[in-house]
> 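Below you will find the structure I want to go over with you.
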Protein chains: 2
Amino acid sequence: MAASLNIPIDRSSPIPLYHQVVQGIEAMIRSGTLEPGSRLENEIELAAQLNLSRPTMRKAMDELVRAGLLVRKRGVGTQVVASQVRRHLELSSLFDDLSRGGKQPTTKVLAFRHGPAERDIAETLQLPPDVGVYHFTRLRSVGEKPLALMENWVRDDVAELTEEGLRQSGMYQILRDAGVNFRLANQRIGATVADEYQAELLETAPGSALVTMERTAVDDTGRNVETGRHVYRADSYSFEMTLVQR
Amino acid sequence: MAASLNIPIDRSSPIPLYHQVVQGIEAMIRSGTLEPGSRLENEIELAAQLNLSRPTMRKAMDELVRAGLLVRKRGVGTQVVASQVRRHLELSSLFDDLSRGGKQPTTKVLAFRHGPAERDIAETLQLPPDVGVYHFTRLRSVGEKPLALMENWVRDDVAELTEEGLRQSGMYQILRDAGVNFRLANQRIGATVADEYQAELLETAPGSALVTMERTAVDDTGRNVETGRHVYRADSYSFEMTLVQR
DNA sequence: TTAGTGCGTATGTGTGGACAAACTGTTGAC
DNA sequence: GTCAACAGTTTGTCCACACATACGCACTAA
């Protein structure tokens, strides 16, 4: 038996119709109203039920297929994916992640400098000659437990950063508030073992495992705004993601 | 000056028109014909140049925006992203990755078993009661250099696996050849340090850093086909990806 | 000089229709 | 009884059109 949708569509809302449908179906899947593995009515029928055109309905379903929540097969139909799906790895900061998880992250600024960039950083960020960088190192903890040691470089023509500001909130939040719209980031995840310096700060033993992450973030004007090198205690942090076949 | 496109469109090809455009633009960007940061003509004009409708043109550009190669701004136009963009982290095996990189991966099967699943594995794979698993451990090397130690479980109702087959090619290749269409995978990346067993096999020192990866893969019918726990030498392997803000 | 207004331009959203291609189950021939 | 051809269903692709909305710039008025 194919499942119908019962989603309120508000045509006066500023939220696009297809996105209202996306939110509605996602809510039904995550709440269990649409069971894993169940089959949906065909596109034409669903569009008619919600008084939408088929292209609009399809656009909504396209997004859900990309997100990995639905699976389509020509000549057969559309199904809800059986396994639970995490949200796609997002372009967010550790601070936001922890905050959303109900944790209380605290930040200690270990070093803070503002000036011209070293050559390798200037190259990584593709900096014009007259643009400098903020360079700072932070220790991020949850409760009393240190979690991450983070070194970052931010070009100084996108926002004004202060040591005080970095203590108060996440770097990404500050940059977003300053009008930076992040678009994408190149990221590399690896592993290393703690040296004495890292071990002392992270309150772990030298030689214990650390997750390493290097990231360079790009804004909507195509500038490389920020690059950083982070290490995380492996016993407290790992990267989870859902990969979707295209 | 806004850039035009010069892409051959073959309307008799089985490849959809919008995908031909995607391939064409991507090729122009990667070859440098379209320079990073350069602006494209507007959608209407580009569609006209290629004798396509605007929706088709937009669908192509949508994909490139999602892939992080283009950036659009309403009222302004479409630009090529300045920084170089890696391909999105794909649902592929280490074997494929190495082969594409021109390497010659070799595989040693350390253990191979076929039978009923342990309870935690049965739960992870959501196995029906009468389905068993293949359980095997492999050592993957490039040249003489060991790179990864991989333990996997595969449900036995999707394909027939043999020790010999696993020596010859990658697990994903075997499963694909057997008609399994992978759709998505949940994956977790972390770090650990090598114990004596791992160190000996990977020809490194106990206590050296290893990248860990756990993955469960889902096929297009929604079944959890495979799960595995891998460790990689951190000095030889890391995970690279491009995150795209949506 | 400067702040605000308006207009042109480009992308964003939504509709309707047409035909193609793939999969499934059934029918019919041998 | 087996297998191939066929028809029905459903998603995939493509087009033409209309209107909404955001951005940037030039012009205007205080």
Side-chain angles (χ1 to χ4, degrees), chain A residues 1-5 7 9-23 25 38-66 70-81 179 181 183 219-222 246, chain B residues 1-5 7 9-23 25 38-66 70-80 179 181 183 219-221 246:
Chain A
M1 194 217 80
S4 304
L5 300 179
I7 298 171
I9 299 293
D10 178 3
R11 298 188 89 93
S12 67
S13 161
I15 301 175
L17 301 182
Y18 68 85
H19 200 250
Q20 294 184 36
V21 176
V22 169
Q23 291 175 331
I25 297 180
S38 62
R39 211 172 76 75
L40 270 64
E41 277 288 359
N42 72 61
E43 299 172 349
I44 315 260
E45 177 59 28
L46 292 179
Q49 284 177 18
L50 300 180
N51 279 308
L52 298 171
S53 69
R54 184 180 168 216
T56 301
M57 194 67 215
R58 264 187 78 76
K59 174 144 188 174
M61 296 174 78
D62 273 344
E63 295 215 4
L64 291 162
V65 168
R66 277 176 195 277
L70 295 181
V71 169
R72 285 194 288 210
K73 268 186 163 176
R74 194 193 299 208
V76 179
T78 304
Q79 274 189 319
V80 178
V81 165
N181 298 305
R183 265 309 126 85
D219 76 356
D220 59 358
T221 64
R246 306 207 286 173
Chain B
M1 192 219 80
S4 304
L5 300 179
I7 298 171
I9 299 293
D10 177 3
R11 298 188 87 92
S12 67
S13 160
I15 299 175
L17 301 181
Y18 69 84
H19 200 248
Q20 294 184 36
V21 176
V22 169
Q23 291 175 331
I25 297 181
S38 62
R39 210 172 77 74
L40 294 175
E41 277 290 358
N42 72 61
E43 298 172 350
I44 315 257
E45 178 58 28
L46 292 179
Q49 284 177 17
L50 300 180
N51 280 308
L52 298 171
S53 70
R54 185 181 165 214
T56 302
M57 194 66 215
R58 263 187 78 75
K59 173 145 189 174
M61 296 174 78
D62 272 346
E63 295 216 5
L64 291 162
V65 168
R66 278 177 195 275
L70 296 182
V71 169
R72 285 194 289 209
K73 265 187 163 178
R74 191 194 299 210
V76 180
T78 304
Q79 274 189 320
V80 179
N181 297 307
R183 264 309 127 83
D219 77 356
D220 59 357
T221 64
R246 307 212 281 175

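All chains are named by letter (A, B, ...) in the order of the sequence lines, taking the proteins before the strands, and each is independently numbered beginning at 1. Because the structure is predicted, anything quoted here is derived from the model rather than measured.
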> Determine whether B/Val21 and B/Met57 make a side-chain contact, defined as any pair of heavy atoms from C-beta on separated by less than 4.5 Å.
yes
> How many Å lie between CE on A/Met61 and P on D/dT11, as a whole number?
6 Å
> Of the non-hydrogen atoms in B/Arg11 and B/Asn51, which two are nearest, and what is the gap between them?
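Minimum heavy-atom contact is NH1-O, 3.2 Å.
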> Does the side chain of A/Thr78 get closer than 4.0 angstrom to OP1 or OP2 of D/dT10 through an N or O atom?
no
> Among the candidates C/dG14, D/dT13, D/dA16, find the nucleotide nearest to the side-chain atoms of A/Arg58.
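In terms of side-chain proximity for A/Arg58, the closest of C/dG14, D/dT13, D/dA16 is D/dT13.
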> State which of C/dG14, C/dT11, D/dC14 makes the closest approach to the side chain of B/Leu17.
D/dC14
> Need to verify one output field. Residue with the more 5' nearest nucleotide on DNA chain C, A/Leu52 or B/Glu41?
B/Glu41
> Among D/dA16, D/dT11, C/dT11, find the nucleotide with the atom closest to the side chain of B/Arg72.
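Nearest listed nucleotide: C/dT11.
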> Can you tell me which nucleotide in D/dC15, C/dT15, C/dT13 comes closest to the side chain of B/Thr56?
D/dC15
> For A/Asn42 and C/dT24, what is the distance between atoms CG and P respectively, to the nearest whole Å?
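In whole Å, C/dT24 P and A/Asn42 CG are 16 Å from each other.
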> Could you tell me how far apart A/Glu43 (CD) and D/dT13 (P) are, to the nearest whole angstrom?
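Distance check: A/Glu43 CD to D/dT13 P gives 11 Å.
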> Using whole Å, what does the distance between atom C1' of nucleotide D/dG12 and atom CG of A/Asp62 come to?
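Distance check: A/Asp62 CG to D/dG12 C1' gives 10 Å.
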> Do any side-chain nitrogens or oxygens of B/Tyr18 fall under 4.0 Å of OP1 or OP2 in D/dC14?
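For B/Tyr18, the contact criterion (side-chain N or O under 4.0 Å from OP1 or OP2 of D/dC14) is not met.
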> Mind calculating the distance between CG (A/Asp10) and P (C/dG14) to the nearest angstrom?
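Value for this atom pair: 12 Å.
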> B/Leu46 CG to C/dT9 P: how many Å, rounded?
16 Å
> Which of these nucleotides, D/dC14, D/dT11, C/dT11, is closest to any side-chain atom of B/Ser53?
D/dC14
> Rounded to the nearest 0.5 Å, how far apart are OG1 of B/Thr78 and CG of B/Leu64?
10.5 Å
> Using a 4.0 Å heavy-atom cut-off, does A/Pro16 contact any base of the nucleic acid, only the sugar-phosphate backbone, or nothing at all?
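Sugar-phosphate contact only - A/Pro16 comes under 4.0 Å of backbone atoms but never of a base.
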> Hey, which of B/Arg58, B/Arg74, B/Lys59 is the one that makes salt bridge (charged side-chain N to carboxylate O under 4.0 Å, His left out) with B/Glu43?
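One option only clears the test, and that one is B/Arg58.
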> From CD1 of A/Ile44 over to P of D/dG8, roughly how many Å is that when rounded to an integer?
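Spelled out: CD1 on A/Ile44 to P on D/dG8 is 17 Å.
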> For each nucleotide in nucleotides 18-25 of chain D, reading 5' to 3', give B when a protein heavy atom comes within less than 4.0 Å of its base, S when such contact involves only the sugar-phosphate, and - otherwise.
B--BBB--
> Compare every heavy atom of A/Ser4 with every heavy atom of A/Leu46, then report the nearest pair and how far apart it is.
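Nearest pair, atom of A/Leu46 first, then A/Ser4: CD2-CA, 4.4 Å.
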> What is the distance, to the nearest angstrom, from the CE atom on B/Met57 to the P atom on C/dA10?
14 Å
> Looking only at heavy atoms, which two atoms of B/Leu17 and B/Asp10 are closest? And how far apart?
CD2-O, 4.2 Å
> Examine distances only and state if a side-chain atom of A/Arg54 and a backbone atom of A/Ala48 form a donor-acceptor pair shorter than 3.5 Å.
no
